[in-house]
Amino acid sequence: MAAEMTVLQRGGMALRQGIGAPLLLLALLAMVVLPLPPLLLDALFTFNIALSLVIVLAVVYVQRPLDFSIFPTVLLVATLLRLALNVASTRIVLLNGHQGPDAAGKVIQSFGEFVIGGSYAVGLVVFAILTIINFVVITKGAGRISEVSARFTLDALPGKQMAIDADLNAGLLSRDEAKARREEVREEADFYGSMDGASKFVRGDAIAGLLILFINLIGGLLIGTLQHDLSLAEAARVYALLTIGDGLVAQIPALLIATAVAMLVTRISRPQDMGQTLFRQMLGQERALAVAAGVLLVIGVIPGMPNLPFLLLGAGLAFAAWKLFRHRQRQREQAAVAAETPAPAPPPELSWDDLAPVDPLAIEVGYRLVPLVERRQGGELLARIKGIRKKLTHDLGFLIPPVHIRDNLELPPSGYRLLVHGVPVAQGEVHPDREMALDPGRVFGKIEGIAAKDPAFGLDAIWIHPSQRAEAESLGYTVVDPSTVIATHLSHVVREHAAELLGHEEVQQLLATLGRSTPRLVEELTPRALPVAVIARVLQNLLAERVPIRQFRKIAETLVEHAPRTQDPAELTAATRAALGRFIVQEIAGLSAELPVYTLAPQLERVLQDSVAGNASALEPGLADRLTQSLGEMVQRQEAMGEPAVLLVPGAVRPVLARLVRHSVPQLWVLAYHEVPDDKRIRLVGTVG
């Protein structure tokens with residue numbers, strides 16, 4: 001039952017939709033045959049004017065002519081409606097015109113009185129001008145454009161069809177796209193062909209308006225004087241007002257429709273917004289506005305001319321040209337910025353390039369320390385780090401990698417952290433608005449501030465205000481800024497972890513640099529004598545024991561000399577240290593004439609030698625602890641006297657003791673007997689038991 005109701009509803013809807021056009025045609029025919037009351041005639045005239053306005057606005061806002069493909073049919077219906085209203089109004093004017101100006105309705109009366117304004121000659125002239133504009137200018141031009149457009153569109157139809165077929169055969173179009181393109185070409189040909197014929201409706205309507213005017217005027221005079229006994233002047237007054245009013249009511253919609261036809265056929269076929277295109281192409285040239293403004297201003301200053309209108313309009317055009325120039329200038333600046341800023345590329349597929357390498361050296365800072373990094377805010381940390389890298393590169397003998405600085409919100413606001421190969425190795429805290437006053441051990445008073453420790457060497461320090469700097473220096477303190485504190489801590493960490501920063505790439509660069517001056521030496525060293533991995537291990541061992549590798553040529557010569565006997569990195573390191581003995585001692589004691597040293601007690605020395613002879617990898621824990629404690633006390637005594645702490649031991653036990661004190665007593669230098677040059681005077685300070 002529901003299905004039957006649905007079918008009936010659809011049938012009723014289709015029936016209602018199908019009888020709309022026939023009913024409209026019957027209504028137009030009835031308007032021609034049956035007399036209409038003045039009130040209904042007023043409503044139909046108002047509807048005709050509104051319909052004309054809607055058609056004009058639809059033509060203005062449509063994107064392209066084919067989007068209003070029903071326009072020829074709409075034009076035919078609007079023309080038939082206007083002609084039917086002309087017939088109906090003519091009937092009323094001739095039948096009831098003798099009753100007065102309002103006999104044909106208020107619309108015709110109002111238009112007639114407004115245009116005539118008391119002078120029938122003026123009314124006739126105005127109506128004639130409107131008709132000439134519509135018939136001679138707009139209608140004739142639109143008809144010619146429609147004819148030419150239809151001819152060119154039909155002539156180009158075979159070429160367009162062949163182009164579509166070629167694109168389809170080449171694979172540039174799919175079958176559905178080609179079908180849609182063919183349909184569009186067909187619609188374009190049908191549209192311009194229909195517009196060519198529809199423009200004839202407008203031309204015929206304009207001719208009909210002229211004829212109806214003369215018929216109403218002559219017929220009204222005859223009917224008024226012969227049938228209703230009106231005087232010639234009275235008949236002319238009444239029927240002229242009604243005729244002109246009727247003609248204007250019909251001619252104004254006709255003028256609007258003719259304008260809509262001309263606007264539609266003069267537009268290009270591609271989609272465009274008419275208002276924006278008109279403004280961009282006609283009023284978008286600031287030079288044209290500026291020249292027009294100049295001409296108007298010159299005319300405005302000529303004596304005898306209407307100065308005020310020309311000056312006002314010229315000033316308005318000059319202001320519009322200036323605003324348009326500023327707008328274009330801003331657009332060019334934005335375009336330049338956009339050109340400099342590359343457009344964001346689509347996210348690429350995941351690859352091995354997305355696996356970012358770990359930075360060899362990095363500093364993470366809290367958010368309060370970010371101004372120390374920003375140069376625009378006066379930060380000096382980057383300059384300090386650059387100087388530290390240059391000095392360390394010169395001191396250690398290889399290029400220190402760049403230091404990457406980034407913020408870390410997980411750190412305290414004033415905290416920082418130093419990382420080597422992504423692993424945190426040290427951390428500290430500085431006050432960016434204060435300076436650190438270091439106690440070197442000899443100060444003559446106290447100063448107010450925040451007590452702290454130097455993060456690099458553990459010295460007592462106080463954070464003071466910058467205004468207290470002069471007072472602190474007068475008391476014997478060493479005052480440094482926060483950037484220097486972080487840079488000094490970084491320098492200390494780099495020296496401690498220099499062996500970890502030297503990799504195969506750095507060794508290859510050292511070999512390449514050496515090869516430019518001594519190519520034969522490098523050829524004999526690698527790969528003939530030793531692989532790069534063994535060379536890298538020897539250099540790392542030297543750096544771990546605080547021996548710079550600036551004497552790389554001497555190191556290479558030593559490796560070439562001992563490589564035929566062994567390729568063990570430990571033995572090669574011992575041989576290299578012996579060759580660098582003079583350099584190592586100079587790093588320790590400088591230009592001093594003698595070298596103060598400690599030695600092991602004979603019993604302890606025998607124990608250590610027995611341990612090494614038994615291939616023990618480490619000392620007995622208790623012995624190692626007591627030995628470390630004794631060595632620490634010895635280092636403190638030497639530092640108190642301002643002398644280096646040096647332990648002189650047999651070559652066999654030196655590597656074991658060096659590994660033992662590397663981290664527990666880093667200030668201690670462990671030398672083998674054969675590493676001290678023969679011409680260096682040794683001063684025995686004491687023994688370690």
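The closest side-chain heavy-atom distance from S491 to L392 is below 4.5 Å. Looking at E587 and R550, their side chains come closer than 4.5 Å, going by heavy atoms from C-beta outward. Considering only heavy atoms from C-beta on, L543 comes within 4.5 Å of L502 through its side chain. The closest side-chain heavy-atom distance from D460 to K453 is below 4.5 Å. Considering only heavy atoms from C-beta on, L631 comes within 4.5 Å of M634 through its side chain. Side-chain contact check for L459 versus D439: every heavy-atom pair is 4.5 Å or farther apart. Between T576 and V538 the shortest side-chain heavy-atom distance falls below 4.5 Å. Put simply, the side chain of S467 does not reach to within 4.5 Å of the side chain of I464, judged on heavy atoms.
For residues 401-414, the salt bridge (Lys or Arg N to Asp or Glu O under 4.0 Å) pairs, not counting sequence neighbours, are D359-R406, E364-R406.
Taken from CZ in R659 to CG in L657, the straight-line distance is 9.5 Å, to the nearest 0.5 Å. Between the CD1 atom in I405 and the CG atom in L361 there is a gap of 11.0 Å [rounded to 0.5 Å]. Rounded to the nearest 0.5 Å, atoms NE2 (H431) and CE (M436) are 8.0 Å apart. Separation of atoms CD (E505) and CG (L510) is listed at 10.5 Å; rounding is to 0.5 Å. Annotation: the span from H404 atom NE2 to I363 atom CD1 amounts to 11.0 Å, rounded to 0.5 Å. To the nearest 0.5 angstrom, R546 atom CZ is 10.5 Å from R495 atom CZ.
Between F398 and A498, the shortest heavy-atom distance links the atoms CZ-O, 3.7 Å. When all heavy atoms of L438 and A461 are compared, the closest pair comes out as CD2-CB, 3.7 Å. Among all heavy-atom pairs drawn from Y416 and E429, the shortest one is CE2-N, 3.7 Å. When all heavy atoms are compared, the tightest approach of I462 to G449 is CG2-CA, 3.5 Å. Nearest heavy atom pair, residue T558 against residue A575, reads CG2-O, 3.7 Å. Contact detail for S414 and R368: the closest heavy-atom pair is OG-NH1, 3.3 Å.
Residue K680 places its NZ atom among more than 12 non-hydrogen atoms of other residues, nucleotides or ligands, all under 6.0 Å distant. Under a cut-off of 6.0 angstrom, the local environment of OH in Y673 is crowded, with over 12 non-hydrogen atoms contributed by other residues, nucleotides or ligands. Annotation for R520: atom CZ does not count as buried by contact number, only 12 or fewer foreign heavy atoms lying within 6.0 Å. More than 12 non-hydrogen atoms from other residues, nucleotides or ligands lie less than 6.0 angstrom from CD of E594.
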Criterion side chain to side chain contact (heavy atoms under 4.5 Å, CB included) on Q468 and I447, from CA distance to verdict: CA-CA 8 Å; Q468 300 175 276; I447 191 170; 3.8 Å; yes
L671/L595 under side chain to side chain contact (heavy atoms under 4.5 Å, CB included): CA gap, chis, key distance, verdict: CA-CA 11 Å; L671 296 180; L595 178 67; 4.2 Å; yes
Pair I555-I549, side chain to side chain contact (heavy atoms under 4.5 Å, CB included): steps then yes or no: CA-CA 8 Å; I555 296 171; I549 57 174; 4.0 Å; yes
Verdict with supporting geometry, R637 and Y598, side chain to side chain contact (heavy atoms under 4.5 Å, CB included): CA-CA 12 Å; R637 289 193 298 270; Y598 277 76; 3.6 Å; yes
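Distance alone, capped at 3.5 Å, is enough to place a donor-acceptor pair between the Y477 side chain and the G445 backbone. Of the possible polar contacts, one joining the T573 side chain to the P569 backbone as a donor-acceptor pair under 3.5 Å is found. Using a distance-only test at 3.5 Å, with no hydrogens or angles considered, no donor-acceptor pair links the side chain of H489 to the main chain of G428. Checking side-chain atoms of S630 against main-chain N and O of R626 turns up a donor-acceptor pair under 3.5 Å. The closest donor-acceptor contact from the side chain of E506 to the backbone of G503 lies under 3.5 Å. With R389 contributing its side chain and V403 its backbone, the two residues share no donor-acceptor pair below 3.5 Å. Looking only at distances, no side-chain donor or acceptor of T518 sits under 3.5 Å from a matching main-chain atom of G515. Checked by atom type and distance alone, the side chain of R577 never pairs as donor or acceptor with a backbone atom of L542 at under 3.5 Å. Judged purely by atom type and a 3.5 angstrom limit, T687 has no side-chain atom pairing as donor or acceptor with the backbone of T599.
A donor-acceptor pair shorter than 3.5 Å can be found between the side chains of Q540 and R537. Between the side chains of E496 and H492, at least one donor-acceptor pair of N or O atoms lies under 3.5 Å. A donor and an acceptor atom, one from each side chain of D625 and T628, are nowhere located under 3.5 Å apart. No hydrogens or angles considered: a donor-acceptor pair under 3.5 Å links the side chains of H562 and R565.
For Q667, there are no side chain to side chain donor-acceptor pair (under 3.5 Å) partners at least two apart in sequence or on another chain.
Just one of I486, T484, D481 meets the side-chain contact (heavy atoms from CB on, under 4.5 Å) condition when paired with L381; it is I486.
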Report, one line per pair, each donor and acceptor closer than 3.5 Å where one atom sits in a side chain of residues 643-654; sequence neighbours left out.
residue : atom : partner : partner atom : Å
E643    : OE1  : Q638    : NE2          : 3.4
E643    : OE1  : R683    : NH2          : 3.3
E643    : OE2  : R683    : NH2          : 2.8
R654    : NH1  : E545    : OE1          : 3.4
R654    : NH2  : E545    : OE1          : 3.2
R654    : NH2  : E545    : OE2          : 3.1

